[in-house]
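Quick note on labels: first sequence line is chain A, next is B, and so on, each numbered from 1.
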Amino acid sequence: MFALVDGTNFYVSCERVFQPRLEGVPVVILSNNDGSVVSLSAEAKAYGIRRGVPYFEIRELLRHRQGQALSSNYALYGDMSGRMMRRLAAHAPIEIYSIDEAFLDLHGMERYIQAPGGIGRDAKRDVLACTGLPTCVGVAPTKTLAKAANRLAKKYPELQGVLVLDTESRRERALRALLVEDVWGVGRQYALALQQKGVATAWQLAGVGEAWARKHLGGVVGWRLVQELRGQPCQGLLPSEDGTLRRQSLSYSRTFGQPLQLFDAVWGAVSTYLIKAAEKLRAQGDEAHILSIYLSKNRFDPQLQGPAGRTATLTLPMGPTADTLQLLHYGRQLFGRLWEPGNAYTKAGVVLDGLESRERPRQLQLFAPEPGPTPKGRPELMQCLDQVNARFGRGKVTVGCAVPSGGEGAPWQSKSQWRSPAFTTRLEDLLLIN
DNA sequence: TCTGGGGTCCTAGGACCC
DNA sequence: TCTGGGGTCCTAGGACCC
């Protein structure tokens with residue numbers, strides 16, 4: 001059996017822990033650049049606001065209803081997430097699935113699931129008591145069914161946030177009540193196609209054959225999904241060691257505060273993003289051997305023809321690295337391949353792929369690596385750079401071509417007008433009760 | 001005027017190798 | 001006109017997740 005635990009309107013809940021005045025108020029949390037809604041409270045949902053809508057469309061509605069919009073504060077959410085995960089990990093082996101969701105492995109704990117209250121209610125109570133965060137819990141024999149149970153636990157208040165699917169009849173009842181578009185792994189495209197073929201509920205989806213599933217739901221993924229709905233596990237727990245996630249790629253991208261046309265401005269943004277991505281890479285003790293850069297134009301522009309974005313990718317000739325200067329060197333080459341004068345760019349990003357731990361055993365070098373910018377003494381230099389910045393503030397020391405202090409006041413700087421303080425991670429932002 | 005960011009997995013074709 | 005089988009790597013793209 002698996003449990004899926006997730007935070008209810010997680011970002012809003014994090015804000016409310018430190019700002020009780022937001023209790024009962026329609027609250028929306030905005031994306032970077034204050035562009036669109038990424039999380040919202042039940043009160044905001046009741047007024048018809050939905051995740052993903054652009055802020056300018058709901059600004060008036062929110063003001064009219066005395067609602068509150070906040071910029072997203074990932075320093076706060078990330079720290080609160082860590083607190084929640086540490087509580088959950090005390091109950092069972094854990095896989096952290098996203099910032100506000102975790103799977104718990106309950107194999108061998110079946111008797112505890114059945115006990116009065118059960119592990120779901122227990123974990124939920126614990127997280128609330130220790131962090132102030134409300135959660136929902138779904139328990140079932142497969143991950144997909146646990147997600148389904150969680151979904152229904154949220155939808156029906158009488159379940160009080162916990163649903164256990166531990167018998168055939170409970171599974172059937174749940175799947176009959178679940179729409180196909182609410183199944184984990186069925187997105188917009190698939191939902192539309194399924195509905196057109198007369199498959200409207202999760203129960204109907206669980207009844208399709210293997211060939212059908214492979215044909216209409218993206219191959220082997222679709223077939224696994226159907227099996228999981230039937231109660232046959234196809235995915236095990238991927239345990240998160242010491243509360244962190246093992247990742248295969250890492251990226252840093254931002255929408256600019258305004259469209260940019262000048263080479264220097266766009267390269268200024270990309271080089272800054274590269275520096276940040278390299279910092280993240282070193283902070284998690286990894287090296288990357290594939291580098292991608294992408295540039296995007298405004299994807300909502302009706303004049304736009306062709307794809308909004310272009311990507312350039314390179315396998316680094318000297319092998320895995322976490323060196324800012326090497327990444328900048330090759331990043332500049334990739335940028336040159338993408339750059340087209342006369343375009344108004346709205347967004348850029350950097351992706352580091354093929355991540356390996358820096359501590360891994362070194363493979364025997366059979367051939368001399370291609371000469372890149374000289375790497376002698378570089379790991380030490382990078383380490384020194386990170387230590388100085390950790391002590392004196394991010395971006396205090398950087399490379400010569402970069403904009404100081406990480407782009408503060410730069411032309412690409414994102415908007416973030418209503419950010420709450422970093423209550424839990426900055427001493428100056430500590431909440432004071434008078 | 002104003003529309004996020006960071007991930008995953010799978011497929012498929014071409015180059016290249018044995 | 002005929003012209004294998006199997007494998008890897010690389011790249012691009014499409015679907016999905018939160």
| said: To the closest 0.5 Å, what do you measure between CG (A:Asp182) and NZ (A:Lys154)? | reply: 10.5 Å
| remark: The correct list of stems in which DNA chain B takes part (3 or more consecutive Watson-Crick or G-U pairs, distances under 3.5 Å) is B:5-18 with C:5-18
| request: Compute whether any side-chain donor of one residue and acceptor of the other, for A:Asp34 and A:Ser71, lie under 3.5 angstrom apart. | output: yes
| task | Check whether more than 12 heavy atoms from other residues, nucleotides or ligands sit under 6.0 Å from atom CD of A:Glu158, and answer yes or no. | result | yes
| query | Using the benzene-type ring in the case of Trp, are the ring centres of A:Tyr273 and A:Trp267 under 6.0 Å apart? | reply | no
| What do the steps show when you test A:Leu281 against A:Leu355 for side-chain contact (heavy atoms from CB on, under 4.5 Å), and what is the final call? | CA-CA 9 Å; A:Leu281 188 64; A:Leu355 266 45; 4.0 Å; yes
| task | For A:Lys415, answer base if it contacts any base atom (sugar-phosphate contacts may also be present), sugar-phosphate if it contacts only those atoms, and nothing otherwise; contact means non-hydrogen atoms under 4.0 Å. | result | nothing
| Stacked cation flag A:Arg332 on A:Tyr330, 6.0 angstrom / 45 deg | no
| remark: Between A:Gly218 and A:Arg299, whichever has its closest DNA chain B nucleotide further toward 5' is A:Arg299
| request: Name the nucleic acid region contacted by A:Val221, choosing base, sugar-phosphate or nothing; use a 4.0 angstrom heavy-atom cut-off, strictly under. | output: sugar-phosphate
Give every donor-acceptor pair under 3.5 Å between a side-chain atom in residues 197-209 of chain A and any protein atom, sequence neighbours left out.
unit_1   : atom_1 : unit_2   : atom_2 : d
A:Thr201 : OG1    : A:Trp203 : N      : 3.4
A:Thr201 : OG1    : A:Gln204 : N      : 3.1
A:Gln204 : OE1    : A:Ala200 : N      : 2.8
A:Gln204 : OE1    : A:Thr201 : N      : 3.1
A:Gln204 : NE2    : A:Gly198 : O      : 3.3

| query | What is the nucleic acid contact for A:Phe10, judged by heavy atoms within less than 4.0 Å: base, sugar-phosphate only, or nothing? | reply | nothing
| request: Rounded to whole angstrom, note down the P distance from B:dT3 over to C:dC17. | output: 25 Å
| Counting any heavy atom closer than 4.0 Å, what does A:Val37 reach on the DNA or RNA strands: base, sugar-phosphate only, or nothing? | nothing
| request: Answer with yes or no after comparing the ring centroid distance for A:Trp339 and A:Tyr345 against a 6.0 Å cut-off, counting only values under it. | output: yes
| said: Suppose we call two aromatic rings close when their centres sit under 6.0 Å apart. Are A:Tyr190 and A:His216 close by that rule? | reply: no
| query | Heavy atom of residues 50-61 of chain A under 4.0 Å from DNA chain B: which residues? | reply | A:Arg51, A:Pro54, A:Phe56, A:Arg59
| Hey, where on DNA chain C does chain A first and last touch, going 5' to 3'? Cut-off is any atom under 4.0 Å from a heavy atom. | C:dC10 to C:dC18
| query | Any side-chain donor paired with an acceptor under 3.5 Å for A:Asn9 and A:Lys45? | reply | yes
| note | Residues in residues 135-148 of chain A with a heavy atom under 4.0 Å of DNA chain C, by number, are A:Lys147
Do any side-chain atoms of residues 130-137 of chain A form donor-acceptor pairs under 3.5 angstrom with protein atoms, and if so which ones, sequence neighbours left out?
unit_1   : atom_1 : unit_2   : atom_2 : d
A:Thr131 : OG1    : A:Val127 : O      : 2.6
A:Thr131 : OG1    : A:Leu133 : N      : 3.1

| Is A:Asp100 touching bases, backbone alone, or none of the nucleic acid, heavy atoms closer than 4.0 Å? | sugar-phosphate
| query | Going through the checks in order, is the ring pair (Phe, Tyr, Trp, His ring centres under 6.0 Å) test met by A:Phe103 and A:Trp184? | reply | CA-CA 14 Å; A:Phe103 288 102; A:Trp184 189 40; 5.7 Å; yes
| A:Gly35 or A:Ser249: which one's nearest nucleotide on DNA chain B is closer to the 5' end? | A:Gly35
| request: Would you give the length of the straight line joining atom CG of A:Leu178 to atom CG of A:Leu152, rounded to the nearest 0.5 angstrom? | output: 5.0 Å
| task | Look at all strands and tell whether A:Leu217 reaches a base, only sugar-phosphate, or nothing, counting heavy atoms closer than 4.0 Å. | result | nothing
| request: Scan A:Val351 against the nucleic acid and name what it touches under 4.0 Å (heavy atoms): base, sugar-phosphate only, or nothing. | output: nothing
| Within the structure shown, what part of the strands sits under 4.0 Å from A:Asn32 by heavy-atom distance: base, sugar-phosphate, or nothing? | sugar-phosphate
| request: Please work out which of the three classes, parallel, tilted or perpendicular, describes the rings of A:Tyr77 and A:Tyr74, given edges at 30° and 60°. | output: perpendicular
| Hey, does A:Thr315 reach any base, or is it just sugar-phosphate, or nothing, if we go heavy atoms under 4.0 Å? | sugar-phosphate
| Expressed in whole Å, how much space separates the C1' atoms belonging to B:dC16 and C:dG4? | 16 Å
